[in-house]
Amino acid sequence: MTEKIYIIGLGLIGGSIALSIKQRNPSVHILGYDINNDQVNLAKKIGAIDEISTELFPYLADIDMIFISTPVQQTIQIIEQLQAVELKQGVIITDVGSTKAKIVETANRYLNGRIKFIGGHPMAGSHKSGILAAKPHLFENAFYILTPSEYVTTEDVNKLKTVLAGTKANIIEMTPEEHDKVTGVISHFPHIVAASLVYQAENYEEQFPLMKRLAAGGFRDITRIASSNPAMWRDILLHNKEPLLQLFNEWILEMERIKQFVKDENSDQLFNYFANAKQYRDGLPEKQKGAIPSFYDLFVDVPDYPGIISEITGYLAKEEISLTNIRIIETREEIYGVLRLSFQTESDREAAIACIAKYSDYDTFII
Ligand SMILES: NC(=O)C1=CN([C@@H]2O[C@H](COP(=O)(O)OP(=O)(O)OC[C@H]3O[C@@H](n4cnc5c(N)ncnc54)[C@H](O)[C@@H]3O)[C@@H](O)[C@H]2O)C=CC1
Ligand SMILES: O=C(O)C(=O)Cc1ccc(O)cc1
């Protein structure tokens, strides 16, 4: 049973995790520390934590689980220092960093399997920082990646998953290396591109003073993430060097490819370039938080009438099947609609298929 949790770093992510744990299980006692007193005081004030620690390593021998939710470089330093701290037998330590290989490698080296470390990364957030931007539902329907090493058991991972259940995230597992490659493509490199587009606009400002005021719409959308915390992104790039270097090379080749189409005035290739990108982009799951699609969506063909959502949720409630999201995604000929139901696990989805077949004639399908 996880009774006492220690959270180091009470900003956007640490604060959101604390709030989600407290909301699901108020009896869990959360001790919190932040190098910035204002953050930890605010965390206590909004009820994210029960108790403030005034030092990084207070008495920790009664703590069942530790979350390190600081910027990645600080996370490494804290893990290095943890080897000399007295901890409870069986304590589980996890982090929330946007990179995994360096952090997990540090944990393996310094904690040496003696202390159970499970790398973690909730794949949602914001360009905002700090406890005041924290929300208990920040990770709802997002992916939460865990990278357990050979030193931890399924039971350890399940313990962490139970604590994280209040986040309502889809928890999946992968290796630290897989994680860093995937997040390099869909998160880290896009932050570089966003910042570079901002530089490009800024460079033209002297020549076209109206540039800033004209930079609306698409430009604002694609560069939103350039407003993220610079120190955090500096450290993420320092951690994920090799995958990013490969992506730089591939991106430069990609730019050369489209540049050539423009140079050649190759109308067909230019059309195809945008048409293929549009097709792939349009196929991304709609309004999914985080960058990767859900694995456990179920689609149901339903008549389009008011009350259909409560009818379906009523069937699922009868069988005690929990749902993370439900949404009408399409109406066909104004008669039939498609309902998308999202589940945390494959077994919940299978149970839902059986349940809907038991109580209704609606067709279910998986894409
Ligand atoms: N911002 C985002 O959208 C996401 C961030 N992450 C990861 O989560 C981690 C935290 O990021 P945020 O919560 O966004 O940043 P944040 O800036 O909102 O919070 C970080 C907190 O850590 C504290 N801190 C820094 N050094 C510390 C130390 N040595 N000891 C104790 N506290 C310390 C800061 O004072 C701050 O309150 C980072 O590793 C980041 O890569 C993961 C997913 C999304
Ligand atoms: O603001 C956004 O859309 C983000 O990209 C948030 C984000 C930042 C860092 C992560 O590791 C994961 C998600």
Side-chain angles (χ1 to χ4, degrees), residues 6-20 31-44 46 48-49 52-58 66-82 94-104 106 119-135 138-139 141-147 164 167 169 179-180 182-195 220-240 287-292:
Y6 181 36
I7 302 188
I8 305 171
L10 285 155
L12 172 72
I13 303 298
S16 298
I17 286 183
L19 286 167
S20 75
L31 173 70
Y33 171 77
D34 197 293
I35 206 163
N36 177 338
N37 286 336
D38 292 344
Q39 292 291 299
V40 75
N41 289 335
L42 279 166
K44 174 86 169 56
I46 65 169
I49 60 169
I52 293 174
S53 171
T54 51
E55 52 186 324
L56 175 57
F57 299 124
I66 301 177
F67 281 84
I68 309 174
S69 35
T70 56
V72 289
Q73 206 43 39
Q74 278 78 0
T75 299
I76 292 233
Q77 288 163 6
I78 291 168
I79 292 171
E80 286 173 9
Q81 293 170 63
L82 268 170
T94 186
D95 80 305
V96 300
S98 304
T99 58
K100 290 276 69 77
K102 254 194 172 180
I103 289 173
V104 172
T106 305
H121 180 195
M123 291 287 300
S126 158
H127 53 281
K128 296 182 188 156
S129 301
I131 185 79
L132 290 179
K135 296 180 216 152
L138 186 66
F139 310 118
N141 293 328
F143 278 91
Y144 197 125
I145 299 173
L146 297 181
T147 63
L164 291 173
T167 61
H179 168 277
D180 284 3
V182 173
T183 54
V185 175
I186 49 91
S187 177
H188 308 168
F189 200 76
H191 274 79
I192 299 171
V193 173
R220 279 193 78 87
D221 289 349
I222 196 174
T223 56
R224 177 185 62 82
I225 53 179
S227 290
S228 304
N229 180 334
M232 179 176 127
W233 283 96
R234 172 199 60 202
D235 291 354
I236 291 172
L237 266 55
L238 290 172
H239 269 219
N240 208 15
K287 295 207 172 113
Q288 175 81 34
K289 272 197 214 164
I292 329 176

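First listed ligand is number 1; within each ligand, the first listed atom is number 1. Throughout, numbering of the chain's residues begins at 1 and tracks the sequence. Excluded from the calculations below are hydrogen atoms, water molecules and symmetry mates; all remaining heavy atoms, backbone and side chain alike, are included.
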- Report, as yes or no, whether the 6.0 Å neighbourhood of atom CG on L238 holds more than 12 heavy atoms from other residues, nucleotides or ligands. yes
- Item | Candidate pair K44 and V40, rule side-chain contact (heavy atoms from CB on, under 4.5 Å), full reasoning | CA-CA 6 Å; K44 174 86 169 56; V40 75; over 6 Å; no
- Note on the structure: Nearest non-hydrogen contact to atom 24 (N) of ligand 1 from the set I78, L42, I35 belongs to I35
- ligand 1 atoms in contact with H121 (distance to a heavy atom under 4.0 Å): 42 (C), 43 (C)
- Task: Consider every N or O of L12 and every N or O of ligand 1, then say whether any pair is closer than 3.5 Å.
- Result: yes
- Task: With atom 10 (C) of ligand 1 as the reference point, say which of S69, G120, A43, P122 has the nearest heavy atom.
- Result: S69
- Starting from atom 12 (C) of ligand 2, find the nearest protein heavy-atom neighbour and note its residue, name and distance. H121 NE2, 3.7 Å
- Item | Shortest reach to atom 26 (N) of ligand 1 by a heavy atom, considering only Q74, H127, Q39 | Q74
- Query: Can you name the closest pair of heavy atoms from I49 and A18 and give their distance?
  - Reply: CG2-CB, 4.5 Å
- Query: Judged by non-hydrogen atoms, does S16 sit under 4.0 Å from ligand 1?
  - Reply: no
- Query: Would a 4.5 Å heavy-atom cut-off, applied to side chains only, mark Y33 and T70 as touching?
  - Reply: no
- Could you check atom 18 (O) of ligand 1 against the protein and tell me its nearest heavy-atom contact, residue, atom and distance included? G130 N, 2.6 Å
- Between A124 and L138 the two heavy atoms that sit nearest each other are CB-O, 3.8 Å
- Compute the shortest N/O to N/O distance between S98 and ligand 2 and return yes if it is under 3.5 Å, no if not. yes
- Note on the structure: Honestly, for I236 the part within reach of ligand 2 (heavy atoms, under 4.0 Å) is neither
- Part of A133 within contact of ligand 1 (heavy atoms, under 4.0 Å): neither
- Task: Answer yes or no: is there a side-chain heavy-atom contact under 4.5 Å between I68 and L82?
- Result: yes
- Which ligand 1 atoms does N36 reach within 4.0 Å, using its non-hydrogen atoms? 35 (O)
- Which value, rounded to the nearest 0.5 Å, describes the distance between T106 atom OG1 and I79 atom CD1? 6.0 Å
- Check: I8 main-chain N/O paired with S69 side-chain donor or acceptor under 3.5 Å: yes
- By number and element, which atoms of ligand 1 are closer than 4.0 Å to a non-hydrogen atom of S129? 17 (O), 18 (O)
- Nearest heavy-atom contact between V72 and G97 is CG1-CA, 3.7 Å
- Shortest protein contact, atom 5 (O) of ligand 2 (heavy atom only): H191 CE1, 3.4 Å
- Query: Rounded to the nearest 0.5 Å, what separation is found between the OG1 atom of T147 and the NE2 atom of H179?
  - Reply: 7.5 Å
- Query: So, for I222 and A194, which heavy atoms are closest and what is the spacing to 0.1 Å?
  - Reply: O-CB, 3.6 Å
- Task: Have a look at ligand 1 and work out which part of S228, if any, has a heavy atom under 4.0 Å from it: side chain, backbone, both or neither.
- Result: neither
- Could you label the plane-to-plane angle of the H188 and W233 rings as parallel, tilted or perpendicular, counting under 30° as parallel and over 60° as perpendicular? perpendicular
- Query: For ligand 2, which atoms sit closer than 4.0 Å to a heavy atom of H127?
  - Reply: 1 (O)
- Main-chain N/O of F67 paired with T94 side-chain donor or acceptor, under 3.5 Å: no
- Message: Would W233 count as a polar contact of ligand 2, with the cut-off being nitrogen or oxygen pairs under 3.5 Å?
- Response: no
- Note on the structure: re atom 42 (C) of ligand 1, the protein heavy-atom contact at minimum distance is V96 O, 3.3 Å
- Message: Within the protein, is there a heavy atom lying under 4.0 Å from atom 15 (O) of ligand 1?
- Response: no
- What is the closest protein heavy atom to atom 44 (C) of ligand 1, and at what distance does it sit? A124 O, 3.2 Å
- Query: What's the shortest distance from atom 3 (O) of ligand 1 to any protein heavy atom, and which residue and atom give it?
  - Reply: S126 N, 2.9 Å
- Give the numbers and elements of all ligand 1 atoms closer than 4.0 Å to a heavy atom of V72. 39 (O)
- Item | Check: I52 and N41 side chains under 4.5 Å, non-hydrogen atoms | yes
- Which is it for M232 and ligand 1 at heavy atoms under 4.0 Å: side chain, backbone, both or neither? side chain
- For K128 and L12, work out which heavy atoms get closest and say how close. O-CD2, 3.3 Å
- Task: Please round to the nearest 0.5 Å and tell me the distance separating atom CG of D95 and atom CD1 of I103.
- Result: 4.5 Å
- Short list, please: which atoms of ligand 2 are under 4.0 Å from a heavy atom of I225? 1 (O), 2 (C), 3 (O)
- Query: Nearest non-hydrogen atom to atom 41 (O) of ligand 1 belongs to which of S53, P71, S187, S98?
  - Reply: S98
- So which protein heavy atom does atom 19 (O) of ligand 1 come closest to, and at what separation? G11 CA, 3.2 Å
- Atom CG in L56, atom CD in Q74: separation rounded to 0.5 Å? 11.0 Å
- Task: Would you tell me which option among T70, D235, I13, L138 has the nearest heavy-atom contact to atom 38 (C) of ligand 1?
- Result: T70
- Item | Minimum-distance protein heavy atom relative to atom 3 (O) of ligand 2 | R224 NH2, 2.6 Å
- Once you round to the nearest 0.5 Å, how far does OG of S98 lie from CD1 of I13? 7.5 Å
- Message: Within ligand 1, which atoms have a heavy atom of G97 less than 4.0 Å away?
- Response: 39 (O)
- Please confirm whether the backbone N or O of A101 pairs with a side-chain atom of D180, one donor and one acceptor, at under 3.5 Å? yes
- Closest non-hydrogen protein atom to atom 21 (C) of ligand 1, residue and atom name please, with distance? D34 OD2, 3.6 Å
- Message: Minimum distance, heavy atoms only, to atom 13 (C) of ligand 2: which one of A124, S228, P190, S126 is it?
- Response: A124
- How far is atom 30 (N) of ligand 1 from its nearest protein heavy atom, and which residue and atom is that? Y33 CE2, 3.7 Å
- Taking only non-hydrogen atoms of G125 and a 4.0 Å limit, the atoms of ligand 1 in range are 3 (O)
